[in-house]
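It should be emphasised that the depicted structure is a prediction, and the values quoted were computed from it without experimental measurement.
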Amino acid sequence: MKRTQQRPQVTRVTRSLRPGQAGTLKLCRHYGDALVCVRYREDAKGVTRYTTVELVVDEAPVQRRMSGRTVVHVNIGFGDLTVRTQAQAMGAKWDIDRKIWKMTLRTARALGLTGRIRGKVSIDGQPD
């Protein structure tokens with residue numbers, strides 16, 4: 001579809017529809033599972049209606065950076081009593097089942113233990 005005239009910049013959404021609702025069926029057949037939403041818009045004067053679609057064009061796993069509050073697993077040797085004591089004082093906990101220390105990334109950085117991180121803990125408490 002070729003645009004022959006300049007579209008006005010100011011439009012307002014009059015309807016937003018999910019795939020499968022009345023008013024989206026033709027677009028569902030055309031775009032398939034990539035269709036996320038159909039919106040009907042009008043120009044500022046209410047003279048012209050525009051139909052817009054929201055499509056999924058790419059999918060990739062989320063790669064989040066660890067924040068200082070992220071809980072990480074850190075190896076601290078049994079004989080490294082000074083570091084263990086400092087870690088405990090800063091809130092680190094010993095995970096007896098996994099035989100590894102759990103602490104925030106902020107704590108690991110403060111103690112200079114980032115090189116000993118062996119994984120992070122997800123929201124549900126399981127290792128990622």
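- Connection of Tyr50 to Val13 is not established within any shared hydrophobic cluster, with ILVMFWY side chains joined at heavy-atom distances below 4.5 Å, either directly or through further cluster members.
- Here the closest heavy-atom approach between residue Gly20 and residue Cys28 is recorded as N-SG, 3.3 Å.
- Legend: residues meeting side-chain contact (heavy atoms from CB on, under 4.5 Å) with Asp80, ordered by chain and number and at least two apart, are Ile76, Val83, Arg116.
- Legend: residues meeting side-chain contact (heavy atoms from CB on, under 4.5 Å) with Ile96, ordered by chain and number and at least two apart, are Trp94.
- Here the OG1-CZ distance, from Thr51 to Arg49, works out to 5.0 Å after rounding to the nearest 0.5 Å.
- No side-chain heavy atom of Thr104 sits under 4.5 Å from any side-chain heavy atom of Thr70.
- Summarising the geometry, atom CD belonging to Gln86 is positioned 8.5 Å from atom CE belonging to Met90; distances are rounded to the nearest 0.5 Å.
- The shortest distance between side-chain heavy atoms of Leu55 and Tyr31 falls below 4.5 Å.
- A distance-only check finds no donor-acceptor pair linking the side chain of Thr107 to the backbone of Met103 [under 3.5 Å].
- Proximity of a side-chain donor or acceptor of Tyr40 to a complementary backbone N or O of Gly23 within less than 3.5 Å is detected.
- With sequence neighbours excluded, no residue forms a side-chain hydrogen bond (donor to acceptor under 3.5 Å, both in side chains) with Asn75.
- Expressed to the nearest 0.5 Å, how far CG of Leu113 lies from CZ of Arg109 amounts to 12.5 Å.
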Exercise. Take Ile100 and Val74 through the side chain to side chain contact (heavy atoms under 4.5 Å, CB included) test and state the conclusion after the steps.
Key: CA-CA 6 Å; Ile100 199 157; Val74 178; 5.6 Å; no
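- The list of salt bridge (charged side-chain N to carboxylate O under 4.0 Å, His left out) pairs with a residue in residues 14-26, not counting sequence neighbours, is empty.
- The side-chain contact (heavy atoms from CB on, under 4.5 Å) test applied to Glu54 returns Val36, Cys37, Arg39, not counting sequence neighbours.
- Transitive grouping of hydrophobic side chains (ILVMFWY, heavy atoms separated by less than 4.5 Å) brings Leu17 and Leu35 into a common cluster.
- Two residues are said to be in side-chain contact when any heavy atoms from C-beta on lie closer than 4.5 Å; Thr52 and Arg41 meet this criterion.
- Annotation: side chain of Ile117 is in contact with side chain of Leu105 (closest heavy-atom distance under 4.5 Å).
- Listed by chain and number, the residues in a side-chain contact (heavy atoms from CB on, under 4.5 Å) with Val47 are Asp43, Lys45 (sequence neighbours excluded).
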